[in-house]
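All values reported here derive from a predicted model rather than from experimental measurement. Labels below follow one simple rule: chain letters A, B, ... track the order of the sequence lines, proteins then strands, and each chain is numbered from 1.
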Amino acid sequence: MQVERASNFIHEIIEDDIKANKHNGIVQTRFPPEPNGYLHIGHAKSICLNFGIAQKYSGKCNLRFDDTNPAKEETEYVDSIMEDVRWLGFNWDAVYYASDYFDQMYIWAEQLILQGDAFVDDSTGEEIRLSRGTLTEPGKESPYRNRTINENLELFRGMRSGTFPDSSKTLRAKIDMNSPNINMRDPIMYRILRANHHRTGDKWCIYPMYDWAHGESDSIEKVTHSICTLEFENHRPLYDWFLEKLGIFHPRQIEFARLNITYTLMSKRKLLELVNENYVTGWDDPRMPTICGYRRRGYTPESIRLFADRIGVAKRDNMIDVAQLENCVREDLNKSANRMMAVLNPLKVVIENYADNFTENLNGVNNPEDAAKGSRTIKFSKEIYIEQDDFMENPSKQFHRLAPGTEVRLRYAYIIKCEKVIKNEQGEVIELRCSYDIDTKSGTGTSPKKVKGTIHWVSAEFGKSSEVRLYDRLFTIEDPAGIKDGNWRDAINPHSLVVVSDAKIEPALSECVVGDRVQFERLGYFAVDKDSTADKIVFNRAVSLRDSWAKIEKKNK
RNA sequence: UGCCGAGUCGUCUAACGGUAGGACAGCGGCCUUUGGAGCCGUAUGCAGAGGUUCGAAUCCUCUCUCGGCAGCCA
């Protein structure tokens with residue numbers, strides 16, 4: 001799909017730079033995830049932005065794992081991140097790891113020590129916290145701040161070689177404890193931490209902090225535009241300070257507002273908790289806002305890219321209506337998904353005047369939006385299932401479906417009339433007896449008869465059984481992250497998953513394979529889940545169709 | 001209370017001193033063998049107050065509101 005990229009303030013900056021021949025007109029970006037969790041749709045926004053810029057301006061975009069904290073990072077996450085970026089449809093120019101640069105960073109750290117711009121601090125974590133000051137009060141200088149260059153160098157080498165216990169010392173940039181920007185109050189560059197790193201193993205016992213690693217990694221990669229989210233805005237002075245002190249290639253950091261979606265949580269930490277506390281079945285649970293969750297649910301990469309394009313990029317905080325995302329999914333799937341028939345809540349219908357043991361082959365169009373998708377044969381028989389919702393014993397005037405004595409068209413088949421309603425002892429409707437009009441067969445064009453409604457159905461004889469999982473928003477309130485008093489867990493929607501264990505599907509549907517996406521006519525878009533077995537295929541509802549009847553019903557209440 | 005940043009329809013997003021436009025959501029209608037899709041129409045917005053200007057969402061001043069920052073996380 002051709003995604004037209006709307007212009008935004010970052011594109012403008014880049015276009016100005018190109019015009020000014022900055023960096024000889026070269027554009028280099030990067031997507032820098034920390035491999036400590038799965039990617040979510042917020043990352044997708046960033047991925048589309050960074051890779052999209054590379055495409056638009058004939059530049060390059062790297063994938064770089066920001067793996068400076070071995071305590072949290074795992075190879076499992078690295079693998080999933082690469083899979084998700086590829087699935088979204090992007091190819092990186094190179095894969096790098098911040099850990100690839102540990103040696104270079106170490107050399108640069110010694111350079112700063114030599115320049116008198118960094119020192120080894122023996123203060124404890126508590127002491128550092130206390131001396132940092134507050135938002136309104138300046139900090140106090142560490143008593144170790146004025147060590148000699150040689151002493152600092154010796155101690156720092158000791159830190160690296162494992163002479164000192166974990167957390168007993170840090171390397172700090174020597175900047176300004178009075179700075180109104182707390183990030184500039186002698187920020188920590190290295191901490192001593194004996195942890196096995198997913199790539200460097202036990203080679204290092206000191207690890208660089210984000211601020212000390214990020215800009216330097218960008219610089220090594222000659223990133224021209226280092227795009228990150230708003231919470232790093234206050235870090236930019238420090239980002240620039242390091243690069244200036246080092247005198248190395250200086251990328252420009254640009255911040256944009258991260259994505260928020262209604263009824264959705266977007267923090268990796270909270271998503272991890274949802275997984276660990278079994279509120280969902282895993283990172284790829286179709287209710288999760290993760291890339292793999294959406295993938296499993298049936299969303300397409302195109303739909304997510306379209307969404308990223310539609311929502312734009314700016315600096316103001318935002319809360320995107322989840323309907324916006326769902327609309328993108330519908331828009332894409334409407335074009336690409338084949339139509340099939342499935343009945344979620346079956347109500348048996350016996351067509352009394354239809355011959356016993358007779359069947360007919362009907363023709364169903366696979367996709368009215370795409371003639372190339374062809375058609376299929378659907379078998380019709382005397383006993384069928386229709387949707388319980390498509391029958392109403394005492395209908396309102398606006399109800400266009402089946403009711404006692406009324407007529408409705410069966411999609412691709414005949415017009416039937418409800419002759420008799422059969423109920424059980426509890427008074428529930430369990431079966432309908434209908435008659436069909438042989439002159440109304442679909443496609444013949446011979447019948448002058450018009451009916452207002454057309455409903456879907458599945459042959460009782462030829463249909464198959466299926467499990468269908470209906471997903472709804474995971475949270476009951478628009479901004480679960482914004483809950484002040486109380487727990488976001490309280491806002492979890494207890495009905496976010498409804499399992500239909502015995503849905504009836506037309507035979508062609510049972511031939512679908514995992515990942516296939518189809519439209520169940522009049523119901524929504526569904527995707528075959530990986531839990532499917534040879535005996536039972538499982539469908540996930542990606543998104544329902546727009547339901548104007550539901551709207552009418554709602555209004556009448 | 002310090003610093004940084006942001007305020008445009010309900011929600012997003014455009015406008016670069018010259019008619020406030022688009023998308024989603026809403027509403028009304030058309031069409032329809034999916035109450036789908038599509039099509040048409042429609043309401044709602046420049047945080048406030050001053051100023052500069054022939055003309056301000058845009059430039060200036062003040063005010064208000066919201067967000068971020070006090071991890072050896074990123």
Which is true for [X] with a 4.0 Å heavy-atom rule: it touches a base, it touches only sugar-phosphate, or it touches nothing?
X      : result
A:Y412 : base
A:F399 : base
A:Q519 : base
A:R411 : base
A:K452 : nothing
A:L523 : nothing

Whole Å only: how far is the [atom1] atom of [X] from the [atom2] atom of [N]?
X      : N     : atom1 : atom2 : result
A:N178 : B:C3  : CG    : C1'   : 14 Å
A:E521 : B:A37 : CD    : P     : 13 Å
A:I416 : B:U33 : CD1   : P     : 17 Å
A:E326 : B:G26 : CD    : P     : 11 Å
A:E255 : B:A6  : CD    : P     : 10 Å
A:N338 : B:G36 : CG    : P     : 20 Å
A:L325 : B:A25 : CG    : P     : 12 Å
A:R546 : B:G26 : CZ    : C1'   : 12 Å

Side chains of [X] and [Y] only: does a donor on one sit below 3.5 Å from an acceptor on the other?
X      : Y      : answer
A:E360 : A:Y414 : yes
A:E255 : A:Q253 : yes
A:R236 : A:N183 : no
A:S80  : A:D84  : no

Next on the checklist: I want to confirm an ordering. Mapping A:A413 and A:V313 to their closest nucleotides on RNA chain B, which one lands closer to the 5' end?
Outcome noted: A:V313

Checklist entry - More 5' along RNA chain B: A:Q324 or A:I311, using each one's nearest nucleotide? => result A:I311

Any chance the rings of [X] and [Y] have centres within less than 6.0 Å?
X      : Y      : value
A:H214 : A:Y210 : yes
A:Y412 : A:W457 : no
A:H197 : A:F102 : yes

Next on the checklist: Counting primed atoms plus P, OP1 and OP2 as sugar-phosphate and everything else as base, spell out the protein contacts along nucleotides 63-74 of chain B at 4.0 Å heavy-atom distance: B, S or - for each nucleotide, 5' to 3'.
Outcome noted: ----SBBBSBSB

Sticking with atom [atom1], work out how far [N] lies from [M], rounded to a whole angstrom.
N     : M     : atom1 : value
B:G2  : B:A70 : C1'   : 11 Å
B:U65 : B:U53 : C1'   : 29 Å
B:G5  : B:A56 : P     : 28 Å
B:C40 : B:G45 : P     : 24 Å
B:C9  : B:U32 : P     : 39 Å
B:U63 : B:G26 : P     : 42 Å
B:G48 : B:U58 : P     : 11 Å
B:C27 : B:G18 : C1'   : 33 Å

Under-4.0 Å side-chain N/O to phosphate OP1/OP2 contact, [X] with [N]:
X      : N     : value
A:K450 : B:U32 : no
A:K555 : B:G28 : yes
A:K551 : B:G26 : yes

Checklist entry - When syn is taken as a glycosidic angle within 90 degrees of 0, is B:G71 syn or anti? => result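 The base of B:G71 is oriented syn (glycosidic angle within 90° of 0).
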
Item to check | Distance, nearest 0.5 Å, that separates CD1 of A:I455 from CD1 of A:I384 | outcome: 6.5 Å

Item to check | A:E506 and its side chain to side chain donor-acceptor pair (under 3.5 Å) partner, picked from A:K379, A:H456, A:R376 | outcome: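 Filter result, single survivor: A:R376.
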
Residue [X], side-chain atoms from C-beta onward, closest of [options]:
X      : options             : result
A:R401 : B:G28, B:G35, B:A6  : B:G35
A:T454 : B:U33, B:C27, B:G36 : B:U33
A:R316 : B:A25, B:A14, B:G35 : B:A14

Next on the checklist: Whether A:R160 engages the ring of A:Y106 as a cation-pi pair (distance to the six-membered ring centre under 6.0 angstrom, angle to the ring normal within 45°) should be assessed.
Outcome noted: yes

Return the nucleotide paired to [N]: Watson-Crick means purine N1 to pyrimidine N3 with N6-O4 or O6-N4, wobble means G-U with N1-O2 and O6-N3, both under 3.5 Å.
N     : result
B:C62 : B:G48
B:A56 : none
B:C3  : B:G68
B:A20 : none
B:G26 : B:U42

Checklist entry - Could a donor-acceptor pair under 3.5 angstrom be found where the side chain of A:R409 meets the base of B:U33? => result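 When only heavy-atom distances are counted, A:R409 does reach the base of B:U33 through a donor-acceptor pair under 3.5 Å.
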
